[in-house]
Every structure is written in C-alpha cells, then in structure tokens.
Amino acid sequence: MTDRITTSELVLERWLEAPVERVWQFIVDPELRARWFMAGPSDLRPGGSLGLRVGHDRLSDEAVPTPDRYRKFIGHSWSESILAFEPPHRIVFTWEDGAAGAVEIRLFEENEGTRLVLTHSGLRGRDDVINFGGGWHSHLAALVRRVAGVGVPDFWALQAQGETAMEKAVKKAVIAPGRNIASRYRSTVGKRR
C-alpha cells in the first residue's frame with residue numbers, strides 16, 4: 001500500500017489481518033487503544049470526546065527506555081472532539097482542538113482482513129508532516145502488530161523508523177502545498193503476506 005503525503009495532508013494505508021469489527025475495537029475500546037496509541041475517558045458519538053493520555057512508555061513489550069525528548073509528555077492527558085462516528089467503519093476527530101487539523105480513520109473489508117486508511121488533514125507544513133507522520137507511522141505499526149498478536153518489542157524503534165520515513169519523504173522533492181511527496185514511498189508495515 002502506498003502512503004500519500006503532502007504538506008497539508010497525510011494519508012496512510014495499512015492492511016490488518018483481522019475483520020473490521022476486531023480492528024474497530026482496537027480503535028474505540030480504551031484498553032485496546034492504550035496498547036498501540038493513547039486512551040482515556042471518552043464519549044464516543046458525534047459531538048462527543050475522545051480521551052487521550054500519553055502512555056508511550058508502556059507501548060513496548062520489552063523494557064526499553066523512553067527517549068529523553070519524549071519523557072516530558074508521559075502522563076499528559078486531554079481530549080479531542082469527535083466530528084463523526086460511524087461504527088464500525090469511521091471515526092473523525094480534531095487534533096490539537098483543530099489547530100493541527102483533523103484525523104479520520106476508515107476501515108474497509110479487504111482480502112479477508114481490513115484495510116485501514118488514516119487521513120490527517122489540516123497540517124501546517126513540513127514540521128507537522130515529520131512530527132505527526134512519524135507518530136502515526138509508528139502507532140499504526142504497533143496497531144498492525146497488536147491486532148496480529150505479534151507484539152511490540154520496542155515501540156521507540158518504530159517511532160524512529162516512522163520519523164526517518166517521513167524525513168525521507170519530505171527530502172524527496174521541493175514540496176508545494178497539496179503535492180504528493182511520497183508517491184514512490186511504499187509502506188513496509190502491514191503488507192499482505
């Protein structure tokens with residue numbers, strides 16, 4: 001699957017080896033969501049809220065240290081507004097109360113599994129592409145592994161891979177708003193076997 005990346009939008013696609021309903025549970029169930037991303041008290045409905053608490057120090061199955069630059073965020077909590085909620089196929093929520101756009105996660109049945117399409121629109125440029133793109137890349141890699149029951153030995157290795165992938169995508173071309181800078185970048189996460 002090919003990711004599409006511009007200075008204003010990330011579209012990341014992953015294939016997961018599980019039915020849509022199971023993947024949906026990893027998105028909406030706080031205990032499951034906390035295993036690959038962040039979770040907190042939520043009111044799951046249009047106009048409701050999605051609670052988030054940074055617990056990235058617990059995303060690795062092995063004892064690995066949290067990099068210094070991320071330690072200050074551990075325990076930080078907030079909520080985002082849910083703009084759309086269509087179980088078990090679609091959720092849209094704000095990011096940074098909308099200052100950093102919105103995130104849409106869509107699930108499609110495909111090849112006896114699920115194709116997940118995450119779109120983060122409303123990005124503010126290259127820094128957002130690298131920051132949020134690297135984050136989404138690593139969290140989706142963790143999700144693919146959790147759903148498959150493979151485990152996540154070192155989340156921070158996934159984070160480093162995600163940031164590297166986004167930095168490479170940004171360096172490939174002089175970026176103009178709306179231009180796909182990753183048309184040749186192919187994700188190695190969640191590929192069909």
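All values derive from a computational prediction rather than experimental measurement.
Side-chain atoms of Glu80 and Thr94 include a donor-acceptor pair closer than 3.5 Å. Using modelled atom types and a 3.5 Å distance limit, the side chains of His120 and Trp136 yield a donor-acceptor pair.
Note that CD1 of Ile130 is 11.5 Å distant from CG of Leu123, once rounded to the nearest 0.5 Å. Here Arg14 contributes atom CZ and His139 contributes atom NE2; the two are 13.0 Å apart, rounded to the nearest 0.5 Å. Interatomic distance, CE of Met38 versus CZ of Arg33, reported as 9.0 Å (0.5 Å rounding). For the atom pair Arg106 CZ and Leu116 CG, the distance stands at 11.0 Å (nearest 0.5 Å). One finds the OG1 atom of Thr66 at 12.5 Å from the CZ atom of Phe73 (value rounded to the nearest 0.5 Å). Rounded to the nearest 0.5 angstrom, Arg4 CZ and Leu10 CG are separated by 11.0 Å.
Salt-bridge annotation for Asp61 and Arg146: present, with a side-chain N of the basic residue lying under 4.0 Å from a carboxylate O of the acidic one. Between Arg126 and Asp128 there is no salt bridge, since none of the side-chain N atoms of the basic residue sits less than 4.0 Å from a carboxylate O of the acidic one.
In this view, Glu104 and Arg90 satisfy the salt bridge (charged side-chain N to carboxylate O under 4.0 Å, His left out) rule, not counting sequence neighbours. When the side-chain contact (heavy atoms from CB on, under 4.5 Å) test is applied to Ser79, the partners found at least two apart in sequence or on another chain are Ser49. Residues satisfying the salt bridge (charged side-chain N to carboxylate O under 4.0 Å, His left out) test with Arg53, not counting sequence neighbours, are none. With sequence neighbours left out, His76 forms a ring-ring contact (aromatic ring centres under 6.0 Å, His included) with Trp78.
Seen from the ring of Phe108, Arg115 counts as a face-on cation partner, given the 6.0 Å and 45° thresholds.
Follow the hydrophobic side-chain contacts under 4.5 Å out from Phe93 and you never reach Leu83; the two are in separate clusters. Hydrophobic clustering of Ile, Leu, Val, Met, Phe, Trp and Tyr side chains at less than 4.5 Å, counting indirect connections, keeps Trp15 apart from Val117.
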Side-chain atoms of residues 148-159: list all donor-acceptor pairs with protein atoms under 3.5 Å, sequence neighbours left out, distances to 0.1 Å.
from, atom 1, to, atom 2, distance (Å)
Asp154, OD1, Trp156, N, 3.0
Asp154, OD1, Ala157, N, 3.2
Gln159, OE1, Ser138, OG, 2.8
Gln159, NE2, Tyr70, OH, 3.2
Gln159, NE2, Glu163, OE2, 3.1

Could you list the donor-acceptor pairs under 3.5 angstrom formed by side chains in residues 22-32, with sequence neighbours left out?
from, atom 1, to, atom 2, distance (Å)
Asp29, OD1, Glu31, N, 2.9
Asp29, OD1, Leu32, N, 3.1

(request) Quick one: do Ile91 and Glu86 satisfy side-chain contact (heavy atoms from CB on, under 4.5 Å)? Show the steps, please. (result) CA-CA 6 Å; Ile91 184 171; Glu86 301 165 14; over 6 Å; no
